[in-house]
Amino acid sequence: MKTLTTDRKTNWYSLTREGWQQFLSEIDNRSFRAQQVMKWIYHERVSSVESMSNLSKSLRATLGSVTENTLPKLIHTSTSIDSTVKWIIETESGGAVESVLIPDGRRNTLCISSQLGCSLDCIFCATGKQGFAGNLSVADIVGQVVIATDWLRSNSDYGALTNIVFMGMGEPLMNFTATMDACDIFMDDLAFGISKRRVTISTAGVVPRILDMCQRTEASLAVSLHAANDELRNFLVPLNKKYPIAMLLDACREYLSSLSDRRIVTFEYTLIEDINDSDQAAKELVQLLRDFRCKVNLIPFNPFPLSTFRRPTEHKISRFYKQLRDEGIMVTSRTTRGDDIDAACGQLIGNFEDMTRRRARYRSAQPQTSIV
Ligand code: SAH
């Protein structure tokens with residue numbers, strides 16, 4: 001929680017409702033002002049405290065001197081032939097991340113980033129190969145949504161934002177506090193008012209933090225599974241060595257039972273040719289998830305430079321899909337979107353200084369294509 005004692009001005013987009021209440025009670029002793037301030041910021045989209053006309057002059061003067069309206073800097077906007085939009089933005093710490101808007105019928109889903117790069121190193125993900133340079137701040141995360149919703153307002157043929165998913169760059173649960181605060185802001189009626197069912201945190205499986213979510217949020221949960229046995233998952237998602245599948249599924253069950261409504265977990269499964277797309281792999285997946293309240297989202301692998309993995313044929317993808325469906329597993333297959341602007345799943349790379357030297361290592365090494 002930022003206080004008045006810090007030298008830096010407090011960014012408008014860094015505070016939850018609770019944060020504003022605390023912040024304003026230090027200035028004004030009237031925490032109900034939080035509602036007014038947030039409405040001005042998120043609903044009216046005023047650009048300065050001067051326009052917050054129902055606040056007293058003196059409060060406006062104080063707020064003006066201790067807060068700032070600073071969005072991440074927009075570096076580039078590109079629009080795909082399929083209407084997908086990608087924004088590249090500069091974060092507070094100086095690196096660049098990407099967020100992607102995926103319109104689909106009446107739904108507008110924004111895929112946002114939570115970190116500069118990623119500290120995990122999933123073998124089939126372009127972001128992982130870029131290394132890691134740090135966490136995004138709450139304002140960096142919320143700023144991506146503000147930039148997208150401002151854009152949607154002036155492009156009215158798209159309609160309003162309906163869904164937010166943490167499936168851009170980074171592992172949101174490794175940036176836990178900022179992710180939780182950002183979710184509060186997304187779900188708050190005084191800000192974006194998106195339903196808790198439509199704000200989804202996607203994780204590679206950081207088990208202790210999934211358990212922490214039970215006390216902290218009601219957002220929806222997606223888990224990047226990609227394999228139904230530990231040997232294969234260890235290879236694809238190295239984090240599995242620390243938190244194997246059984247432990248991960250237990251944590252997911254616990255999270256579901258902590259929620260006040262009946263919800264499912266989405267398991268993402270990136271289909272990679274000859275790695276996890278066989279009939280046997282489908283059978284194992286059915287076996288694993290048969291009694292789980294879930295949906296499987298198949299994502300055909302999106303190729304990127306430095307990877308020699310391939311996407312399975314359409315025939316193979318639909319065969320895998322049918323195997324799950326015929327066994328009663330709820331399953332969807334994600335069509336690739338925004339391919340022409342490098343905005344598809346796993347293609348987001350941003351631009352930042354890698355602190356792990358992983359990027360250099362990958363550039364000089366031979367790409368790995370099998371478990372052995
Ligand atoms: N760290 C989080 C969120 C970011 S990845 C997580 O692991 O869930 C978002 C999704 O894209 C994940 O399911 C990820 O496994 C998938 N993905 C990554 N690279 C991909 C690629 N090259 N092709 C298809 N899907 C990919």
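Only this structure's heavy atoms are used, side chains among them; waters, hydrogens and symmetry mates stay out. All ligand and atom numbering here is 1-based and tracks the order in the structure.
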Original post:
If you take all heavy atoms of Ser220 and Arg197, which pair is closest and at what distance?
Top reply: OG-O, 3.2 Å

Subject >> Under-4.0 Å salt bridge between Lys283 and Glu327 >> reply: no

Original post:
Is any N or O atom of Phe304, backbone or side chain, closer than 3.5 Å to an N or O atom of ligand 1?
Top reply: no

Original post:
Can you list the atoms of ligand 1 that are under 4.0 Å from a heavy atom of Cys125?
Top reply: 18 (C), 19 (N)

Original post:
Got a donor-acceptor contact below 3.5 angstrom from the Arg107 side chain to the Pro103 backbone?
Top reply: no

Subject >> By side-chain hydrogen bond (donor to acceptor under 3.5 Å, both in side chains) - contacts of Asn108 (at least two apart) >> reply: none

**OP:** From the options Thr127, Thr91, Asn135, select the one residue that forms a side-chain hydrogen bond (donor to acceptor under 3.5 Å, both in side chains) with Gln115.
**Re:** Asn135

Original post:
Can the ring centroids of Phe192 and Tyr42 be said to lie less than 6.0 angstrom from one another?
Top reply: yes

Original post:
Is there a donor-acceptor pair under 3.5 Å between the side chain of Glu44 and the backbone N or O of Lys39?
Top reply: no

**OP:** With heavy atoms only and a cut-off of under 4.0 Å, state how Met169 meets ligand 1: side chain, backbone, both or neither.
**Re:** neither

Original post:
Heavy-atom contacts under 4.0 Å between Glu268 and ligand 1: side chain, backbone, both, or neither?
Top reply: side chain

Original post:
Strictly under 4.0 Å, does any heavy atom of Ser114 approach an atom of ligand 1?
Top reply: no

Subject >> Gly170, any N or O under 3.5 Å of ligand 1 N or O >> reply: yes

Subject >> ligand 1 contacted by Arg311 (non-hydrogen, < 4.0 Å) >> reply: no

**OP:** Answer yes or no: is there an ion pair linking Lys73 with Glu92, defined by an N-O contact shorter than 4.0 Å?
**Re:** no

Original post:
Which atoms from ligand 1 have a heavy atom of Ala204 less than 4.0 Å away?
Top reply: 6 (C), 7 (O), 8 (O)

Original post:
Given that the side chain starts at C-beta and the backbone is N, CA, C, O, which of these parts of Thr203 lies under 4.0 Å from ligand 1, counting heavy atoms, or is it both or neither?
Top reply: backbone

Subject >> Centroid-centroid distance, His226 to Phe124, less than 6.0 Å >> reply: yes

**OP:** Please state which part of Thr270 comes within less than 4.0 Å of ligand 1, counting heavy atoms only: side chain, backbone, both or neither.
**Re:** side chain

Subject >> Nearest option to atom 17 (N) of ligand 1, as decided by whichever heavy atom of Phe301, Phe124, Phe267, Phe309 sits closest >> reply: Phe124

Subject >> Numbering as shown, the atoms of ligand 1 that approach Asn302 to under 4.0 Å (heavy-atom distance) >> reply: 21 (C), 22 (N), 23 (N), 24 (C)

Subject >> Contact partition for Phe166 relative to ligand 1, non-hydrogen atoms under 4.0 Å >> reply: backbone

Subject >> Numbering as shown, the atoms of ligand 1 that approach Gly168 to under 4.0 Å (heavy-atom distance) >> reply: 4 (C)

**OP:** Look at atom 9 (C) of ligand 1 and find which of Lys129, Gln115, Met167 reaches it with the closest heavy atom.
**Re:** Met167

Subject >> Any donor-acceptor pair under 3.5 Å from Arg233 side chain to Ala227 backbone >> reply: no

